[in-house]
Amino acid sequence: MDQVYLNGSFLPRSEAQIPIMDRGFLFGDGVYELIPVFNKKVFLLEEHLKRLKNSLNLIQMNDVKGLDKIISTLIKKNTKNTFFIYLHISRGVQSSRNHIYSEHIEPTVLLMCEDYPAFSEDLIKKGFQATMQDDFRWMKSNIKSISLLGNVLLKNYASSNGCYETLLIRNKKLTEGSTSNVFIVKDEIIYTPKLSNELLPGVTRGLLIKLLNENHLKVIESDIYESDVVNADEVWCSSSTNAVVPIIKVDDNIVNNGRVGNITMKVHKIAQDFIINF
Ligand code: PDD
């Protein structure tokens, strides 16, 4: 059976336990990363560890050393070739339930492997539906926090309405999706919301911007209004799980006559080629 890593030991998942006084359990006090592994090779590890360090720093936690070594051991111990590493760091176990954290506790460090839920090429070609909702989450969505209740409710709203994703609007502007970043196309120019405290700096978002520039596709990071989404020629969502997820309907608005657009398909192909060859 595949092993997980918990606080210094590798052990079977069913044996890994966390005390009830863990601040991650009690307060959602911690951060995480989801790192793809393709054919036993970690994808964009440096970028994920850099974001993790930033998330830790933003919640006043120290960087955790030696994660790259733990990751390579975990990959060796895993029987699968392509999967995800879920990396979770909570502030640790404290003797009493207190909002005020102790400076003297050790973080809880958990790494485990999860199946890779990639969409088939057929599904990508057909496209997906999305819905729009107010972004009612907190104002620090740039931290990859394990406190995901807002995202959980918003993602389930999508799923219970037959949609892949909920696109989030704050003050009339698009922030991101409940589990993804969002790109739109208008008149052959690609737009994505500029980075701020209101959205996660997606590793895939960063990769796509780099690949778009290299392929001479014009991409602009800017404010995107709700009306821009509704009137877009093409829309797609990006995340480590699926680099490009084409959206062909947003609530009652049909995008590109309900067909996946040419630019979206081109970017999907560019991303897939990069993943296959990295
Ligand atoms: N989430 N925005 C949010 C709110 C996300 O949860 C994610 C990814 C992204 C995309 O980030 P990246 O490209 O680095 O995966 C943007 C992962 C998949 C998750 O929580 O499972």
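Ligands are counted one by one from 1 in listed order, and the atoms in each one are counted from 1 as well. If you're wondering where the values come from, they're calculated on a predicted model, not measured in any experiment. Because only heavy atoms are used, hydrogens play no part in the values below, and waters and symmetry mates are left out as well, while side chains stay in.
- Under the salt bridge (Lys or Arg N to Asp or Glu O under 4.0 Å) criterion, Arg91 pairs with Asp29, sequence neighbours left out.
- Ion pair Arg13/Glu114 flagged as a salt bridge, since at least one NZ, NE, NH1 or NH2 atom sits closer than 4.0 Å to an Asp/Glu carboxylate oxygen.
- At a threshold of 4.5 Å between non-hydrogen side-chain atoms, the residues Phe43 and Leu207 count as touching.
- Listed by chain and number, the residues in a salt bridge (Lys or Arg N to Asp or Glu O under 4.0 Å) with Arg51 are Glu33 (sequence neighbours excluded).
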Provide, line by line, the atom pairs where ligand 1 and the protein bring an N/O atom each to a distance under 3.5 Å; else say none.
from: ligand 1; atom 1: 1 (N); to: Lys144; atom 2: NZ; distance (Å): 3.3
from: ligand 1; atom 1: 2 (N); to: Glu176; atom 2: OE1; distance (Å): 2.6
from: ligand 1; atom 1: 13 (O); to: Val203; atom 2: N; distance (Å): 3.4
from: ligand 1; atom 1: 13 (O); to: Thr204; atom 2: N; distance (Å): 3.0
from: ligand 1; atom 1: 13 (O); to: Thr204; atom 2: OG1; distance (Å): 2.6
from: ligand 1; atom 1: 14 (O); to: Arg51; atom 2: NH1; distance (Å): 2.8
from: ligand 1; atom 1: 14 (O); to: Arg51; atom 2: NH2; distance (Å): 3.0
from: ligand 1; atom 1: 14 (O); to: Val203; atom 2: N; distance (Å): 2.8
from: ligand 1; atom 1: 15 (O); to: Ser240; atom 2: N; distance (Å): 2.9
from: ligand 1; atom 1: 15 (O); to: Ser240; atom 2: OG; distance (Å): 2.7
from: ligand 1; atom 1: 20 (O); to: Tyr32; atom 2: OH; distance (Å): 2.5

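- Side chains of Asp2 and Thr79: a donor on one and an acceptor on the other come within 3.5 Å.
- For Glu234, the salt bridge (Lys or Arg N to Asp or Glu O under 4.0 Å) test picks out no residue, with sequence neighbours left out.
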